[in-house]
Structure formats: C-alpha cells, structure tokens
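One structure is given here, and the rest of the page talks about it.
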Amino acid sequence: MRVLVLVGTRKGGFVLEGDQARRSWQLRGPFFPGWEIRHITHDPRDRSLYAAANTLTYGALVGRSADLGATWTHSSEGLTYGKNDEGPKLKRVWHLKPGRQAGEVYAGVEEAGLFHSRDAGQSWQHLEGLRRHASTPTWEPGGGGLCLHTIVPHSTDPLRMWVGISAAGVFHTADGGSTWEAQNQGVLAPWRPEGSVTGQCVHKIAPAPSGDRIYQQNHVGIYRTDDGGRTWIDISAGLPSRFGFCMVAHPRDAESAWVLPLTGDDQRFVPDGQVAVWRTRDAGRTWRRTTAGLPSNAWVVVLRDGMHHDALDPLGLYFGTSTGQLFASRDEGESWAKIADHLPPIMSVAAALV
Amino acid sequence: VTHPVYLPRQLRDLYHIPAGPVQVEATCVADLLDALDGRWPGMAHRLSDASRLRPYVLFFAGEERCDLQSPLPPDAEVRIVPAVAGG
C-alpha cells in the first residue's frame, strides 16, 4: 500500500507518493503545468484521480487520470451556465467529489453552482435546483469569489447532501438536489441583518464519520452541528482566533477535529508567525495546540482545501501553505515534518491510499 | 481554404500537439473553432464561451485582429495569442 498526497497549486498539480510508513516521499509533477489546480480528489472505486483545473485565459475544466497522475484526459463539456449573457458565468471549478455510483462525480464551481457527471467527468450537467433557491440573487462573493467549495454527501442517505458556498452559507438537500434548504442557524454573519438565513461565510465543512455531526470553519467562528445542519453550536472558545480556512474531521472518531487558525481577518497568517495545528478530542469543548516540527517566524496561510487526512491508523494529516511548503504528520497531528518545499502556492491537499 | 494556425503553447501542451502550425480548413473564425474542436475535442470551449471568444484570447488573421464572426482571408496565417496577465 502506498499513500498519495495530491497537491493542487496555482501553477499545476503534484503527487507526493509515500510508503506505508509515511517516511519516504517522492514528488511527481507538475501535471497541467501553468494551470491553477483548485482541488484533486481520488475515487477509490476505479483508482482514478480528478483535478479541477483553471486558467484565466482558457477557463475551467476537469482532468481525469486513470494511472494515478501519469497521464490525464480532460473535459469541460457541459461545464457552462449557457449562452444567457445576463446569467452567471462559470469562472472556475473549485471542488470535486465522487458520488455513489461508479463514474459519478460532483463539481462545485464559481459562480456558485453544482454540476454532476455520470460518465467519469467526460460530460457534465448543471444541477439547477440549488440556484433556484430563493436567496440566490442575494449571494455575495467572499474574498476568493462566489464559490461552491465543499460538497458533503450524507454518509448513508443517497438523497441527502450539504454544500458550502462562500459567502452564502451551508445548504442541504434531502431530495437528491431538486430543492435545497439554507442551514445556517446559529452561525454569525455580522455583515448581514441580524437573523439572516443566508449570507454566512462558510470556509469549510467537514463531516464526522457518522450521523448528522458536521464541523465548520467559518469566517467568524468554528462551529459544530449535531442535527444535520439545522442548528450550529459555536465551538471557538479556547482557540487563538475565530478565523481560518481549513478544517478536518477524524474519519473514525466523531469527537476529533483539527483547525489551523489564522489571525483574522485583515492579516490572515498564523498568529505570531508560529505555525500551529489545534485539535479537539471532545467535539470542540476544548482545544490543544501542537507546534512540534512546525516552523516559527513563518507567516504562512493554509487555504480552505489545504488540509486533509489519510485513512491509516494512526491517522496521517497533511497541510500545504500558500508559500509552497507541505507538512505531514504520522501521529494524528502530534508532530509534523516538512515533506516538500518550494512548490507553487498550494491551494489544495488531499490524501489517498492506493 | 486551409490556413496555418499557430496555437498557444498551453493549448498545445494540453492536447499534446507538437510545436509549429497546424493546418485547418475554415472560412471564418467560427468555422475554425469548429474544425479545431473536431480534431481536439473541447478546444473550442478553451477559446470561446457562450458564443464569444474568451476575453483573454486574441485571434489574428495576418495582422488583423478577429472576432468570432470574422472571415478569414484565403492566404491568412492565423495566430491565437493569450493575453499576458497574472503572475
């Protein structure tokens, strides 16, 4: 068994391939050189990789590799909002998520919307139900754009799914995407009138391994829901900042999650120049800081898809900075080591076992 | 009429096309996109969206800048040039 760390950067995609001990790493890439790779994901059913590739000049596409990144095909057929000059424009693909069926993939895009492929990314269809939500005309972009950046299928119910949109909030469907409900109760949005149902600036949602628990890193706080998003509980107490982009939930322990706080929101680097990962083991009631192996005097940023985990035991964690360093932990975040450097700005990190 | 068409490097890389012009039969830019797309599926969407050339893609027939509806003079070389932007 090998561990792949899939790294999307502003100038192409890379793969770090490690042994099961996670001590030795080999870097491959770049693939799609010069393209901004917002996200790479692995579909374990057919061992394919999907990459969200974008350029200002040539638009957005989704790449697919059937050989773990050695060669790629690509398509953007159907990845468009069409010819309506007044309508939204598809600027980027931000996030990809394999669906339940073989060859099924979802894509979250900017301007915010959800697309679906049933043929392994060869063609795409817009799932129009989301943009029919009554709040759509009021959606405002976050600093990164009006993007659908996270897709979370329910662990058992094929009809249920959550998406995160900056800065519109979390939305949930219980009917396979035909209709959607905003689920932001309890989440602050100080730039909106009090009680606003949408307009929350979700940065990342991370589902716990079972049930209806989801963690959220928001622009203005860290939250947890235990009822599938109907209500959110503020779990920011004990952290040095309410601001950050990434959040990772343990795939086997619903009580454990990690964040990497940034000084918010006008500075957006790690507090005091000390890179630190914070873990909760009690669903956000308390947090513990880890800096072992992480640099000081380092004024770095980790973006919303910049941290991920593998599935080994103990869990491996990985994060990449917008200055091109990649860090790994083999012990669930207790200690860290830099496993790559001098990469282009890292936009996404995802780990897979192959 | 066949035109020599110079594609930008990033597109040649994407489709594994060797350096140098490709020969394409077309009478206008829209035809040219269709012909390119027939040989390299998806290329038209890299160069245009929603029935317009993408804003950072410039087409020249000889020394004349073209839009999607422009006819191509019979002897014109076509150069597709990405705008220089970004870091």
Side-chain angles (χ1 to χ4, degrees), chain A residues 9-13 29-37 51 53-65 70-93 107 109-111 115 117 119 121-124 126 322-324 344-345 347, chain B residues 5-22 24 26 28-61 65-70 78-87:
Chain A
T9 82
R10 203 174 281 283
K11 300 291 179 71
F31 50 86
F32 294 109
W35 288 68
E36 176 191 276
I37 308 296
N54 307 280
T55 67
L56 185 67
T57 308
Y58 306 113
L61 57 79
V62 174
R64 179 175 183 269
S65 175
T71 61
W72 291 81
T73 58
H74 55 86
S75 175
S76 61
E77 186 184 334
L79 271 178
T80 176
Y81 285 121
K83 298 179 179 177
N84 177 6
D85 285 344
E86 306 303 313
K89 297 286 180 285
L90 196 156
K91 297 176 183 168
R92 293 184 177 90
V93 180
V109 308
E110 174 192 354
E111 182 171 330
F115 283 72
S117 173
D119 56 9
Q122 293 179 62
S123 64
W124 297 86
H126 180 209
S322 62
T323 39
M347 313 206 75
Chain B
V5 178
Y6 291 85
L7 297 166
R9 187 185 70 183
Q10 213 163 8
L11 278 194
R12 286 194 282 103
D13 288 349
L14 191 63
Y15 288 93
H16 310 291
I17 301 168
V22 297
V24 182
C28 65
V29 172
D31 280 356
L32 182 79
L33 286 188
D34 288 344
L36 290 172
D37 205 64
R39 285 168 68 178
W40 296 289
M43 190 178 283
H45 196 202
R46 302 279 65 79
L47 300 168
S48 65
D49 190 25
S51 298
R52 293 180 179 180
L53 295 179
R54 290 188 181 273
Y56 294 100
V57 174
L58 309 181
F59 275 65
F60 293 91
R65 180 147 174 216
C66 305
D67 60 24
L68 199 53
Q69 286 71 43
S70 298
V78 178
R79 294 179 187 273
I80 304 174
V81 181
V84 178

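Quick note on labels: first sequence line is chain A, next is B, and so on, each numbered from 1. Below, each value reflects all heavy atoms present in this structure, side chains not excepted, and no hydrogens, waters or symmetry copies.
- For A:Ser76, the parts lying near chain B are the backbone and the side chain together; criterion is any non-hydrogen pair under 4.5 Å.
- Between the OG1 atom of A:Thr57 and the CG atom of B:Leu11 there is a distance of 9.0 Å, given to the nearest 0.5 Å.
- Between chain B and the options A:Gly87, A:Ala60, A:Ser75, heavy-atom pairs under 4.5 Å are most frequent for A:Ala60.
- The greatest number of non-hydrogen atom pairs below 4.5 Å with chain A, out of B:Pro8, B:Gly42, B:Ser48, is found for B:Pro8.
- No more than 12 heavy atoms of other residues, nucleotides or ligands lie within 6.0 Å of CZ in B:Arg52, so this atom counts as exposed by the packing criterion.
- From B:Arg46, atom CZ reaches atom OG1 of A:Thr55 across 7.0 Å, with rounding to the nearest 0.5 Å.
- Interface remark: A:Ala53 contributes no atoms to any contact with chain B (heavy atom separation under 4.5 Å).
- Heavy-atom distances place the side chain of A:Phe32, and not its backbone, under 4.5 Å from chain B.
- Here the CG-CH2 distance, from B:Leu14 to A:Trp35, works out to 5.0 Å after rounding to the nearest 0.5 Å.
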